Amino acid sequence: MPGGGAERHEVSYDRYSLTVDGERVLLWSGEFHYFRLPSPRLWRDVLEKIRAAGFTGVSLYFHWGFHSPAPGVYDFTGVRDVDRLLRMTDELGLHVVARPGPYINAETTGGGMPAWLKTVEGRARSSDPGYTAAYREWLSRINPIIARHQVSRGGSVIAYNVENEYAVNVDPAYMEDLQAQARSAGIDVPIVHNNCCGGSLANWSSGRGAVQIPGVDDYPQTFNCHDPDTWGGWGDGVTRRLRDDAPVYAAEYQAGAIDLNDAGYDKCRELTGPGYMKVFYKSNIIESGATMFGYYMTYGGTNWGWLAQPNDVYTSYDYGSAITEARTLTTKYDEFKRQGYFVGSVAPLTKTDESPAPTPADPAVATRARANPDTGTQFVLVRHADRRTSADVSTTLAWSTPDGDHQVPVRVNGRDAKILVAGYDMGGQRLVWSNSEILTHLPIAGRDVAVLYGRDGEPGSTVLRYPSRPTVRVLEGSVRSSYDGGDLRLDYTHSGLARVLVSGGGRPPLLLLLGTDETAARFWRLDTPAGPVLVRGTALVRSAHVAGDRLALRADTDRAGEVEVFSPARHLSVGGRSVPVRRTASGSLLGSLPGPEQVRLPELSGWEYRAEPPAHGDQGWTTADKTTTASPIKPRTLPVLYADEYGHHHGNVWYRGEFTANGAERKVVVNAITGRRGVYLVWLNGRYLGSAAGGTQADSEPVNPDPGRGEFAVPPGLLAPGQRATLAVLVENMGHNDDWTADDTRFKQPRGLFGVVVEGSEAPIAWRIRGSRGMDGERGALNIGGLHGELSGWHLPGGGRWQRSPDALPAGVSWYRTHFELDLPRGHDVSLGLRFDDTGERDYRVLVFVNGWSAGQYLHRLGPQREFVLPNGVLRERNTLTFAVIAEEELPGGPGPVRLVTLGNHRTGG
Ligand code: IPT
């Protein structure tokens with residue numbers, strides 16, 4: 001029991017790998033951000049999918065700002081219940097690298113630091129006292145939660161990551177204190193760090209503030225998704241060894257990309273697709289000898305609410321990762337599985353040294369090798385010498401294996417790489433060499449079952465050693481065998497799934513399954529207390545349980561088809577239902593499963609409307625009269641109108657400025673900072689003056705003293721001398737900058753008004769401000785901003801006075817809502833999205849709420865996102881969909897058509 005102290009283990013490490021109770025562990029982890037998936041039930045779904053791909057762990061950032069709306073206020077309930085998250089990883093047996101920052105970057109608002117920190121004196125990410133008090137507060141809350149889930153206490157946390165790419169403007173005293181805080185909270189697992197960018201930047205491998213296992217982040221494919229054929233734009237991606245006495249740690253290894261050029265995440269998935277994964281991941285395994293990996297991202301998720309850091313990302317954080325934002329599995333997932341099963345099955349890989357590589361007859365092919373010094377097992381990387389080429393080259397390796405010298409034919413067709421194994425005790429068998437790759441092997445019911453694979457249509461050969469001639473039975477496919485002097489050689493062409501039964505020969509029987517990339521990826525390996533089982537044919541297997549002679553699976557199907565299980569069991573049930581099976585010649589059980597039922601979605605109609613007049617409402621306004629700010633960026637005019645200074649940290653903010661008119665006013669000049677793609681709108685005496693794009697920085701290089709400038713002419717006759725004039729300004733806050741440079745000049749960039757001048761007037765302006773404050777119930781502080789409708793709960797399901805929509809929406813804020821009923825098939829996991837189909841060239845944006853939960857922001861003209869994943873966890877049978885429309889111009893007909901779409905449909909059983 002985690003925390004119960006029942007199972008205590010010792011985590012240690014040496015130059016080769018992490019160890020648990022002296023046993024070597026290969027950490028093959030996938031990055032997952034719980035805060036980007038607002039449903040603990042779906043955390044488990046994603047974690048099960050990650051585990052099923054053969055990942056042995058997950059890398060988890062913990063997001064300070066997500067938990068803390070105000071100094072001293074922390075919330076770890078509901079979608080912020082990270083203790084529950086760690087209970088899941090404990091139960092699922094996934095090792096965790098816990099990454100609580102305090103800074104995490106991650107393209108999230110403030111780089112994970114709370115926005116209130118922008119008003120605290122002292123440089124963030126340094127040992128300045130103001131910042132120190134703040135981060136110690138966070139660590140004092142998060143560290144005890146992490147500590148009780150350590151492997152050392154029977155849990156899953158195997159390493160603790162301090163800071164994040166802390167590379168420039170570094171302060172060793174701060175790094176030391178982060179570690180001291182962790183240790184005093186009972187963190188006893190190894191402390192790690194993720195360095196960025198190599199060169200002379202700080203990597204914390206030695207000196208003051210050094211960590212035990214310094215790791216390296218690497219994104220060799222760049223983030224230029226619009227050009228997915230570029231290859232290795234940021235280098236070869238070989239993880240550097242930073243310490244002789246610690247394992248090589250690929251802390252964040254590129255497994256997707258942010259969509260910097262608005263190409264769409266499918267292009268990012270292409271940029272980082274299976275070909276890239278084969279060449280870069282396998283090269284790195286062999287060239288670096290790393291045994292600790294974190295693949296960033298494995299599931300990206302959604303920047304719901306105001307989670308995004310606007311300069312790099314938009315609502316979707318799909319990341320082009322192996323598991324899509326809608327939680328469906330891709331061909332990248334299959335490649336992860338092929339590699340993950342391999343590294344998890346072949347134990348000698350946890351301890352290797354560089355070794356001489358066999359020479360290819362054709363120098364167009366390159367080889368690199370590692371060997372385990374204890375077992376002699378060799379691992380040979382085979383790829384093109386020029387990683388970029390897509391040539392098709394067949395050649396021969398002159399290979400001195402532990403079991404003699406061999407001529408091994410190899411082929412590299414296109415952007416591909418293979419790790420070939422020689423001299424390996426594969427269960428009860430002896431693998432001399434193979435030019436097929438190993439997926440996995442496992443002992444089942446007194447025999448070895450091994451799955452090897454190669455590219456469809458490529459020739460393959462496998463040599464196994466036997467004391468005496470074994471009997472070979474080809475059960476399926478076309479495989480030739482020959483036996484000579486102890487070596488059984490099998491030759492075949494990879495195609496479909498061939499099956500060979502080898503028995504006798506002085507070893508336990510072997511069922512050899514020879515597949516292609518595609519057929520190999522259809523296997524699922526599961527460990528149960530009754531031994532491992534192998535399943536073929538479903539879209540996913542979440543878990544296996546053996547009771548007596550029955551194997552019970554929790555599995556998903558996306559079509560009707562076969563299910564085959566290799567296990568000692570005689571009966572099978574899937575999703576709680578018994579499945580009729582027959583025994584095959586391979587000794588497996590074969591049955592069939594139904595696919596999912598069709599999904600029918602309702603149309604969205606019956607929209608209701610509600611107007612939000614500018615700077616509406618009398619309650620909740622604060623006088624904005626500050627004249628100083630902790631931000632190093634000082635305003636253009638006084639008072640300081642930065643939203644954060646008045647406790648309004650997220651979303652939209654309304655301002656109301658009053659002055660006495662003289663009738664000679666010419667124009668209103670506004671500066672506002674919103675972050676990229678943000679907007680602000682201005683009214684004078686109730687008359688809409690127009691909108692402008694908000695700035696991103698007040699001090700970017702060269703210094704910009706005039707960010708987000710907008711000039712608005714005062715209509716003649718609008719203001720009368722001696723009368724009161726009222727300015728109303730709505731300023732969007734798209735999220736807070738990160739702090740990669742650790743110097744406050746980015747992080748403490750204000751949001752909101754930066755300066756307002758009424759030309760032709762000397763009159764002082766009395767300002768008031770209204771925005772969101774803290775929590776929105778269980779949805780948290782990042783769910784809403786300060787629209788009148790948000791503060792009044794119009795985004796929530798419920799009553800209120802809603803009306804028929806006018807024919808044309810006025811510029812400004814309007815609310816829409818409708819209800820829809822879902823009648824989804826039971827026992828299914830259906831992932832839904834919302835699609836905006838408007839093609840008109842109009843300037844508006846829409847905040848989308850589902851049952852009160854923000855699903856993100858649609859930017860009609862700016863894009864690039866048109867389809868929004870609805871967080872399944874918040875959908876029910878009867879749902880309320882609410883839009884806050886911010887229109888920069890009058891919108892005849894309102895926003896364009898929207899519809900629900902199905903993004904995934906699986907039968908999941910019970
Ligand atoms: C690196 C960060 O550590 C991570 O949080 C995330 O921002 C990622 O990159 C990009 O998605 S930082 C980068 C300079 C490699």
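Quantities reported herein were computed from a predicted structural model and do not represent experimental measurements. All residue numbers refer to positions in the sequence shown, counting from 1. In each ligand, atom 1 is the first atom listed, and ligand 1 is the first ligand listed.
Remark: ligand 1 and Trp740 share no N or O pair separated by less than 3.5 Å (distance only, no angle test). The distance criterion of under 3.5 Å between nitrogen or oxygen atoms is not met by Ile258 with respect to ligand 1.
Checked against the 6.0 Å centroid criterion, the rings of Tyr265 and Tyr317 do not qualify as a close aromatic pair. Taking the six-membered ring wherever Trp is involved, the centroid distance between the rings of His33 and Phe62 does not fall below 6.0 Å.
Looking only at protein heavy atoms, the nearest one to atom 8 (C) of ligand 1 is Tyr219 OH, 3.2 Å. Atom 11 (O) of ligand 1 has Tyr319 OH, 2.5 Å as its closest protein atom, hydrogens excluded (heavy atom only). Counting only heavy atoms of the protein, atom 7 (O) of ligand 1 lies nearest to Glu107 OE2, 2.4 Å.
For ligand 1 and Phe223, the ligand atoms under 4.0 Å from any heavy atom of the residue are 10 (C). Residue contact check: Ile104 has heavy atoms under 4.0 Å from atoms 5 (O) of ligand 1.
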**OP:** Assess whether side-chain hydrogen bond (donor to acceptor under 3.5 Å, both in side chains) is satisfied between Asp171 and Ser127, documenting all intermediate values.
**Re:** CA-CA 7 Å; Asp171 180 341; Ser127 59; 2.7 Å; yes
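Inspection of the Asp83 and His149 side chains reveals an N or O donor paired with an N or O acceptor under 3.5 Å. If you check the side chains of Asn303 and Thr315, you find no donor sitting under 3.5 Å from an acceptor. In summary, the side chains of Ser59 and Ser29 do present a donor paired with an acceptor at a separation below 3.5 Å, with no hydrogens or angles considered. Between the side chains of Gln309 and Asp738, at least one donor-acceptor pair of N or O atoms lies under 3.5 Å.
In this structure, of Gln309, Glu165, Glu252, the residue bringing a heavy atom nearest to atom 4 (C) of ligand 1 is Glu252.
Only the side chain of Asp217 comes within 4.0 Å of ligand 1, counting heavy atoms alone; its backbone N, CA, C and O stay farther away.
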